[in-house]
There are 2 protein chains.
Amino acid sequence: MNIGQAAKASGVSAKMIRYYETIELIAPVHRTEAGYRIYDDQDVHALRFISRARDLGFSVDQMRELLALWRDRDRASADVKAIALSHVEMLEEKARALQQMSATLKHLAANCHGDGRPDCPIIEDFANIQPPMAKSTRKPRFGAAVLAPAKSG
Amino acid sequence: MNIGQAAKASGVSAKMIRYYETIELIAPVHRTEAGYRIYDDQDVHALRFISRARDLGFSVDQMRELLALWRDRDRASADVKAIALSHVEMLEEKARALQQMSATLKHLAANCHGDGRPDCPIIEDFANIQPPMAKSTRKPRFGAAVLAPAKSG
DNA sequence: GCTTGACCTTACAACGGTGGGAAGCTCCAT
DNA sequence: ATGGAGCTTCCCACCGTTGTAAGGTCAAGC
């Protein structure tokens, strides 16, 4: 099976399959004499595993752990559960943070006339806030990395 | 006021202030003869505006719009409100997606013994799912970009 | 056998936003 | 005059993914 077919069968783009190989998330596969990568069902199986984990928001590093556990027949399910649950916490914290931002913005928007008048509490809030806390005590900021439009799929 | 003082007063790091200048999010400021950037209260005001908008998850491009509206005294508050509300929708969609992931994972974890036995529905789910949909119909994936740990302060 | 087009290969750059560091200059206090 | 803190520019790294360029290969049709 060529990389293109493996990509279709697994849901991971050929581009990303090669990338995952270079960062050693997956092992190099066999090649034809011409240098084409060849994938068998087991390889595709692992790629589907990766696709699913990415869909659930696991980072590449976390996938490394999960793949190791998957391949280890003697792993304790407790190990897997621990990773999953800590990931759940992270997901929920991010979700809460996004909702907090949303609530703040909604509150500001609710007090905005939304007509032609220039008075706007949103702008005023942005412009008139107190100086931020000192760096060491500020909360982490969820910026564009968190909010960037998801492009792949 | 030097860049360092402006950074402290605004909550935007000196590094990022320079970066925002290069991408023309903010205009170049005056310099001393030696080339040091000088910031006045108005500049710091704008930087605080930016800091606040970043905290609320606005992208640099969105900040460009907001800053333009802020500087335009005749802007309609409706414009600002529209940007804010569309941003609210985006935030909520992201939050929902994260919660969906979390729910799926929790469901899987709930059915995992979490003991020494190797059987684990989490891993099994990852390994045995159906082949993903064709590329064109797949949902956007919220990957590491969305979930990356927030590092800045 | 030759052409065409789809597919493969590698290598490099870009995105967004931020941090890190080097090499050199300037300012201020001692 | 010297030291150190702070400034300058410049380049590099991260993450995950996509795009593109320049070339090799395969299979089909003529």
Side-chain angles (χ1 to χ4, degrees), chain A residues 1-26 28-39 47 50-51 53-64 135-136 138 140-153, chain B residues 1-26 28-39 47 50-51 53-64 90 135 138 140-153:
Chain A
M1 199 188 277
N2 279 342
I3 197 171
Q5 296 165 309
K8 260 184 205 145
S10 67
V12 182
S13 74
K15 206 92 183 171
M16 291 313 297
I17 294 176
R18 295 195 196 97
Y19 172 69
Y20 289 148
E21 192 185 296
T22 67
I23 64 170
E24 295 179 295
L25 177 63
I26 55 182
V29 293
H30 297 288
R31 305 263 190 148
T32 65
E33 284 192 7
Y36 283 26
R37 290 175 181 80
I38 324 174
Y39 296 85
L47 287 172
I50 287 170
S51 175
R54 295 293 294 136
D55 278 343
L56 288 177
F58 285 89
S59 72
V60 168
D61 274 352
Q62 286 171 320
M63 286 196 295
R64 260 185 237 279
K135 211 176 186 181
S136 55
R138 291 195 76 197
R141 159 187 291 162
F142 291 88
V146 172
L147 302 158
K151 354 171 190 180
S152 72
Chain B
M1 201 188 277
N2 279 341
I3 197 171
Q5 295 164 310
K8 259 184 206 146
S10 68
V12 182
S13 73
K15 206 94 184 171
M16 291 315 297
I17 293 176
R18 295 196 195 98
Y19 171 69
Y20 290 148
E21 192 185 297
T22 67
I23 64 170
E24 294 179 295
L25 178 63
I26 55 182
V29 293
H30 296 288
R31 306 264 190 146
T32 66
E33 285 193 8
Y36 282 26
R37 291 174 180 81
I38 323 174
Y39 295 85
L47 286 171
I50 287 170
S51 173
R54 296 292 294 133
D55 278 344
L56 288 177
F58 285 88
S59 73
V60 168
D61 273 354
Q62 286 171 321
M63 286 196 295
R64 261 185 237 278
M90 205 186 67
K135 212 174 184 182
R138 291 197 74 198
R141 160 187 290 161
F142 291 88
V146 172
L147 302 157
K151 0 174 188 179
S152 71

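Computed from a predicted structure; not experimentally measured.
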>> If you assign B/Thr32 and B/Asp61 each to the DNA chain C nucleotide with the nearest heavy atom, which residue ends up on the more 5' nucleotide?
In response: B/Asp61
Report the distance from atom [atom1] of [X] to atom [atom2] of [N], rounded to the nearest whole Å.
X	N	atom1	atom2	answer
B/Arg18	D/dC11	CZ	P	15 Å
A/Ile17	D/dT17	CD1	C1'	14 Å
A/Tyr36	D/dT25	OH	P	8 Å
A/Glu24	D/dG16	CD	P	15 Å
A/Lys15	C/dT9	NZ	P	11 Å
A/Arg37	C/dC8	CZ	P	10 Å
A/Lys8	C/dA6	NZ	C1'	11 Å
A/Asn2	C/dG5	CG	P	20 Å

Quick one: is [N] close enough that its OP1 or OP2 comes under 4.0 Å of any side-chain N or O from [X]?
X	N	value
A/Arg54	D/dC15	no
A/Arg31	D/dG24	no
A/Ser59	D/dC15	no

Spacing of [X] atom [atom1] and [Y] atom [atom2] [to the nearest 0.5 Å]:
X	Y	atom1	atom2	answer
A/Met1	A/Ile38	CE	CD1	11.5 Å
B/Leu25	B/Ile17	CG	CD1	11.5 Å
B/Ile26	B/Met63	CD1	CE	9.5 Å

> Does some side-chain heavy atom of A/Arg64 sit less than 4.5 Å from a side-chain heavy atom of A/Ile23?
Replying inline: yes
> With side chains defined as the heavy atoms from C-beta onward, is the minimum distance between A/Arg37 and A/Glu21 less than 4.5 Å?
Replying inline: yes
> Of the nucleotides C/dG17, D/dG16, D/dC7, which has the atom closest to the A/Met16 side chain?
Replying inline: D/dG16
> Pick the nucleotide of DNA chain D nearest each of A/Glu33 and A/Tyr19; which residue has the one closer to the 5' end?
Replying inline: A/Tyr19
